[in-house]
Amino acid sequence: MKRQWKFIVVLVLGAIGLITDNVLHIPGIAEVLFDIAGAYISFSLGKEMFGDLKEGHWGIDVLALIAVISMMITRDYWAEWMILVMSTGGESLEDYATGQANRELRALLDKNPRVAGKLVDGKVVEVKVDDLQIGDQVLIKPGQQVPVDGTIIEGSSVFDQSSLTGESVPVDKTVGDDLMSGSLNGETAVTMEVKKLAKDSEYQTIVELVKSSAAQPAKFVKMADRYAVPFTIISLIIGIAAWVTTGNFTRFAEVMVVASPCPLLIAAPVALVAGMSSMSKHHIIVKSGSTLEQLAKAKTFAFDKTGTLTQNQLVIQDVLPENGFDKETIQSYAASLEQQSDHIIANSLVQGTDKNLIQAVSNLQESTGNGVSGTVDGKNVMVGKLSYVAPDANVNKAKTTAVYVSVDGKYAGCITFKDRLRPETPQTLARLRKQGAKHIMMLTGDNKDVAQAIADVAGVDDVRASLLPAQKIEAIKNVAPENRPVVMTGDGINDAPSLTAADVGIAMGAKGASAASESADAVIMVNDLSKINDAVAIAKHTMKVAEIDIITAIVVVIILELVAFTGLIPAFWGAVLQEVVDMITICLALLAKTEPKNPKQTGL
């Protein structure tokens, strides 16, 4: 562990001191060694404290620094050594607890497929997963993980996708079916053709999100700041009072020993990492500890409509040609242009169109939030919003989700879609209100009639329709201070700016890599909107555990300070008691890994 070496060095110095003092009977060596170590630890604490002050935070390490210096002044060098054990041991305990809390995240990283059995001239050659190219053929034996996303071209088997989709039952797969990297082959060997590079595949996307999460420390500045100043002042008052009433500086030093802020420093980070670990068990990747604090306090929840509140797949309702065009032609042109888009409407259009009608496209260009244009069959085709495709056309907008088509500058018609609400959406929003949501918004680029119809069934109280990405950002920024923090949930590339603008951005990342997942603070890795209820419940539980832990530690430490005031706790044993308090603090913080009571009903 990264800070364990300090603890080991202090223990080694203690062993040397015992030998030189009690075996070799050489006085002074232990004292000098402990003073050198004490000076180094004091310098480290002072540097950290100065850094905190520069960032505008009260450096609560001041008490630990005073304790070390006090022991050096009183020349109680064995008590000084015990203080060093307490300080460095607290860091080691924190690292250990963080490692325990982080086991689920590390387990996910450990399972990342690294090698694959590539078929070359009929023979299986073991290669690195990163070296696989689109079109390569890979043999997947029973018990092996699918290395990258692909399609079965030979054989059939059952695959465990629980780590990716949350499905508890293995899924039957045969020729033509897609396979997600990270799923586990169950019964028989199959041959797969690679469809995505490793960096773009499903499991590797999750792994990158986890790495991003692990790389960001679980800082808990706000709560620590809230208690740091009063705790430091109370401790100094008790210590100075002990010094003044007894006239003995040693009594002040003894109070400072038990006043070390280690429990205050340890409790929050360990609880946060434990909460993040609990999130990962629920298929929610949280990228930083501060996200939990914001989620726990969230008052406004904003949602994209298509693919977030509604199902991931729209259905073509009707094709309405005009100006001499026929249904097949405009559907063919539109699907051809949209085949490279990740947007839910584009996917629905492509999947609902005969593959034989999809043609090659050149000069493809995208106008964010408006549509796409390109050359199909030698004609200039535009697909998207009416204002983009044919701004001057005298056409009534469809009252349902639709894309409009123009060919060589001439309006050709529109394709309408039926939008189906997710079955879990109404209950999810109702639970959010029970969990403390005061304001629920829908931010969508779709028209008002379609959006309102979905909102009425879902239970949304504030509908903002026909919005461009910049307007979604503006809507989030304009939320009143009393209704913040704001949580924005979306699934598409056009949602990425909104996720960044919100206090907490949550991406529905079940479909894999996207700009939304990269921009979000948290990513739901399964196709289930109700996971937002789990996320809020876990965040509230984590913050409750952290706050109770911090308050408990402060109360215990202040009681010990009052006992030390009377002189009943010598400095050496005061440091020992501080280690006990540290261990109690860590055990309490790890309760954040436990399941909240009835999270889907109460959120608490």
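Please read all numbers here as calculations on a predicted model, not as lab measurements.
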Thr329 and Asp326: CA distance, side-chain angles, deciding distance, side chain to side chain donor-acceptor pair (under 3.5 Å) verdict: CA-CA 6 Å; Thr329 298; Asp326 60 74; 2.9 Å; yes

For the residue pair [X] and [Y], what are the closest heavy atoms and their distance?
{"X": "Thr444", "Y": "Ala451", "answer": "CG2-CB, 3.7 Å"}
{"X": "Val504", "Y": "Asp521", "answer": "CA-OD2, 3.3 Å"}
{"X": "Ala116", "Y": "Leu132", "answer": "CB-CD1, 3.8 Å"}
{"X": "Leu337", "Y": "Ser373", "answer": "CD2-C, 3.9 Å"}
{"X": "Ala298", "Y": "Val487", "answer": "CB-CG2, 3.5 Å"}
{"X": "Pro391", "Y": "Tyr388", "answer": "CD-O, 4.0 Å"}

Kindly indicate whether the side chain of [X], heavy atoms from C-beta on, has any atom under 4.5 Å from the side chain of [Y].
{"X": "Ile153", "Y": "Met192", "value": "no"}
{"X": "Phe301", "Y": "Val536", "value": "yes"}
{"X": "Ser387", "Y": "Tyr404", "value": "no"}
{"X": "Lys141", "Y": "Asn185", "value": "no"}
{"X": "Ile284", "Y": "Asp534", "value": "yes"}
{"X": "Arg422", "Y": "Asn527", "value": "yes"}
{"X": "Val124", "Y": "Lys118", "value": "no"}
{"X": "Val315", "Y": "Phe417", "value": "no"}

May I ask you to say whether [X] pairs ionically with [Y], meaning some side-chain N is under 4.0 Å from a carboxylate O?
{"X": "Lys379", "Y": "Asp408", "answer": "no"}
{"X": "Lys472", "Y": "Asp304", "answer": "yes"}
{"X": "Asp528", "Y": "Lys531", "answer": "no"}

Salt bridge (Lys or Arg N to Asp or Glu O under 4.0 Å) between Asp149 and Lys195, intermediate numbers included: CA-CA 6 Å; Asp149 291 357; Lys195 292 297 183 184; over 6 Å; no

Okay, side chain of [X], backbone of [Y]: is any donor-acceptor separation there less than 3.5 Å?
{"X": "Arg420", "Y": "Thr310", "value": "no"}
{"X": "Thr416", "Y": "Asp318", "value": "yes"}
{"X": "Thr425", "Y": "Leu421", "value": "no"}
{"X": "Gln339", "Y": "Ser336", "value": "yes"}
{"X": "Ser341", "Y": "Glu338", "value": "no"}
{"X": "Thr188", "Y": "Ser156", "value": "yes"}
{"X": "Glu322", "Y": "Val395", "value": "no"}

Begin from the C-alpha positions of Phe303 and Met488 and carry the test side-chain contact (heavy atoms from CB on, under 4.5 Å) through to its verdict. CA-CA 6 Å; Phe303 295 89; Met488 172 68 190; over 6 Å; no

Under a 3.5 Å cutoff, is there a donor and acceptor pairing between the side chains of [X] and [Y]?
{"X": "Asn533", "Y": "Ser530", "result": "no"}
{"X": "Asn363", "Y": "Thr375", "result": "yes"}
{"X": "Gln359", "Y": "Ser332", "result": "yes"}
{"X": "Thr151", "Y": "Glu193", "result": "no"}

Going from [atom1] on [X] to [atom2] on [Y], what distance comes out if it is rounded to the nearest 0.5 angstrom?
{"X": "Gln294", "Y": "Met543", "atom1": "CD", "atom2": "CE", "answer": "9.0 Å"}
{"X": "Ile330", "Y": "Leu320", "atom1": "CD1", "atom2": "CG", "answer": "7.5 Å"}
{"X": "Lys196", "Y": "Asp178", "atom1": "NZ", "atom2": "CG", "answer": "9.0 Å"}
{"X": "Thr542", "Y": "Glu293", "atom1": "OG1", "atom2": "CD", "answer": "11.5 Å"}
{"X": "Glu154", "Y": "Leu139", "atom1": "CD", "atom2": "CG", "answer": "9.0 Å"}
{"X": "Lys410", "Y": "Asn380", "atom1": "NZ", "atom2": "CG", "answer": "14.5 Å"}

Is there a side chain to side chain donor-acceptor pair (under 3.5 Å) between Thr353 and Gln331? Walk through the geometry before answering. CA-CA 7 Å; Thr353 303; Gln331 185 171 345; 3.0 Å; yes

For the pair Leu364 and Gln340, evaluate side-chain contact (heavy atoms from CB on, under 4.5 Å) and give the outcome as yes or no after the intermediate values. CA-CA 10 Å; Leu364 183 66; Gln340 295 183 34; 3.9 Å; yes

Go through Leu443 and Lys305 one step at a time and tell me if the side-chain contact (heavy atoms from CB on, under 4.5 Å) criterion holds. CA-CA 7 Å; Leu443 306 179; Lys305 179 182 71 68; over 6 Å; no

Walk me through it: do Tyr333 and Leu357 pass the test side-chain contact (heavy atoms from CB on, under 4.5 Å)? CA-CA 8 Å; Tyr333 286 172; Leu357 295 178; over 6 Å; no

